[in-house]
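The structure appears right after this line, and notes come after that.
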Number of protein chains: 2
Amino acid sequence: MGVIGGNSHLNHLAYDCVIFGFSDGKLKILILEYFDTGLFALPGGFIRIDEDLDEAVKRGLSERTGLKDIYLEQFYTFGAARRNQTGEMAAILKANRSDLSKLGWILERMVSVGYYALINAEEVEPQPDSLSDSCKWYDIEDLPKLIQDHEEIVNKGLSVLQDNLDKKLQGVNLLPEKFTMNQLQKVYEAILGEKLHRGAFQRKMLGLGNLERHEKKFSGAAHKAPFLYSFKH
Amino acid sequence: MGVIGGNSHLNHLAYDCVIFGFSDGKLKILILEYFDTGLFALPGGFIRIDEDLDEAVKRGLSERTGLKDIYLEQFYTFGAARRNQTGEMAAILKANRSDLSKLGWILERMVSVGYYALINAEEVEPQPDSLSDSCKWYDIEDLPKLIQDHEEIVNKGLSVLQDNLDKKLQGVNLLPEKFTMNQLQKVYEAILGEKLHRGAFQRKMLGLGNLERHEKKFSGAAHKAPFLYSFKH
DNA sequence: CCAAAAGTGTTTTAGCTACACCCATGA
DNA sequence: TCATGGGTGTAGCTAAAACACTTTTGG
């Protein structure tokens, strides 16, 4: 088993997570920057020997965001033989003067299970881990160069999210408990990367039958106050 | 590393494959029966240390079916901590008097990547492996009880196949090179588990624009001879 | 000539788009 | 009263479903 901080993990298996958030009308994801290397990566982690895969991911996300009950979806498993043989992880460990006799297993061939998470970016103060300098939101349209195949992981995750958008009304997970129809539409537009028609969008969402209408929101702006909605559980 | 026949494999990682075929108007899958145990399972296997995940699955399927270029789709990774701690694999190894000092790693916690394959059942004489008695087609509606979580794997695989059916015209992979529209419709009905409207189905398939029409097929039956179609590559 | 199944034309329906109108709000 | 954005009604379009008519085949 690989050992991190005294815990044993499955060798050769990892997860990487595309954590989507929404702010300033843009779709963003959380990216780690490693100390002294200028290398950027998705948050990821390893699976303890007696831990469910899903639990491992929840644990990792909770450490990174402080949130419980995150909306999570597994989307693909990346298993190319040399996908992490790029030297980047070695550089990261070296910059941290890590003990390779204990952490060397991280450099071996690694199959990674891709997950995406949807969170309300406003509620979170992202936390870097012990190897990383910062953990920040990046606009999905303007990501830094990522290590290994992480760009492919992001693209695949976004593409699956887009496909799932219709079936599952996932957009609500990126917003506060109560939100206006306009906010929801902005989320959909950001995910799909295209403008949607206002009237049609409103009718379609209400037609799904799982939105509940609440009081109006008086924003102080000079126009009719919109209703607030929440998702029916 | 785990060792089978002198080759080294990734520990704690496996794949299981739902191999769909179509015959007698029914959707079927390939199921192995293990020697002297009455235990049934999906065909699966392990990943060599330097082998792409996809390659490992192709290799395994080719051993089981003799086919190259099988249509394959990865659909989910099953990672519950105790999913294979059911004692069934131990019974199988014991019935085969296997050397546990070499094969014991198979009994440890195993994360499994689920794939489905679509093949033309008529072209194949399925081959059991060294541990299994038989490898036979079973009607998807009438499967034997399977070991571990293999029933869940089948259900998830079928459900993803159903979802993908529209986007990818996958049905053709279950048929010979040339087929009639009625055969194709029967495949769709078997996968979706519902009757489809003949006229609408024909129009929809032709409307996709990737079917090519060939000569008519004279079956000897007392009705109009249908055209044969093939898939445009 | 008949029954059965195939191909295709026509009608009906449903969902979505686009446009437009009116309403509420705060400046 | 005006500009702005929100809710909703309506007309038009398009794709799919349902129906039906015609054709081909072998008995």
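Chain letters run A, B, ... following the sequence lines, proteins first, then strands; residues in each count from 1. Below, each value reflects all heavy atoms present in this structure, side chains not excepted, and no hydrogens, waters or symmetry copies.
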Worksheet item: Is A:Gly220 touching bases, backbone alone, or none of the nucleic acid, heavy atoms closer than 4.0 Å?
Response: sugar-phosphate

Worksheet item: If you measure from the Lys or Arg side-chain nitrogens to the Asp or Glu carboxylate oxygens, is any gap between A:Glu215 and A:Lys178 under 4.0 Å?
Response: yes

Fill in: d(NZ, B:Lys195; C1', D:dA18) in whole Å
17 Å

Practice prompt. Could you tell me whether the phosphate oxygens of D:dG5, OP1 or OP2, come under 4.0 Å of any side-chain nitrogen or oxygen in A:Asn182?
Written response: no

Discussion item. Would you say that B:Ile140 contacts B:Leu158 through its side chain, given a criterion of any heavy-atom pair below 4.5 Å between the two side chains?
Written reply: yes

Practice prompt. Indicate yes or no: at least one non-hydrogen side-chain atom of A:Val172 is less than 4.5 angstrom from one of A:Tyr229.
Written response: no

Practice prompt. Quickly work out the B:Lys224 NZ to D:dC21 C1' distance and round it to whole Å.
Written response: 11 Å

Discussion item. From NZ of A:Lys204 over to C1' of D:dG7, roughly how many Å is that when rounded to an integer?
Written reply: 19 Å

Worksheet, complete the sentence: DNA chain C nearest-nucleotide lookup for B:Lys216 and B:His223: closer to the 5′ end is B:His223

Item to complete: Calculate the interatomic distance between B:Arg203 atom CZ and D:dA20 atom C1'; express it in whole Å.
Response: 12 Å

Practice prompt. Output yes when B:Glu189 and B:Lys186 qualify as a salt bridge under the 4.0 Å nitrogen-oxygen rule, no when they do not.
Written response: no

Worksheet entry | Matching residue for A:Asp149 among A:Arg82, A:Arg83, A:Lys156 - test: side-chain hydrogen bond (donor to acceptor under 3.5 Å, both in side chains) | A:Arg83

Worksheet entry | Outermost DNA chain C nucleotides near chain B [under 4.0 Å, heavy atoms] | C:dA3 to C:dT10

Discussion item. In whole Å, I'd like the distance from the NZ atom of B:Lys217 to the P atom of D:dT25.
Written reply: 14 Å

Fill in: Atom-pair distance (CZ on B:Phe227; C1' on D:dT23), nearest Å
11 Å

Practice prompt. Please work out if A:Ala200 contacts a base, only the sugar-phosphate, or nothing of the nucleic acid, heavy-atom cut-off 4.0 Å.
Written response: base

Practice prompt. Give a yes or no on whether a salt bridge exists between A:Lys26 and A:Asp142, defined as a side-chain N under 4.0 angstrom from a carboxylate O.
Written response: no

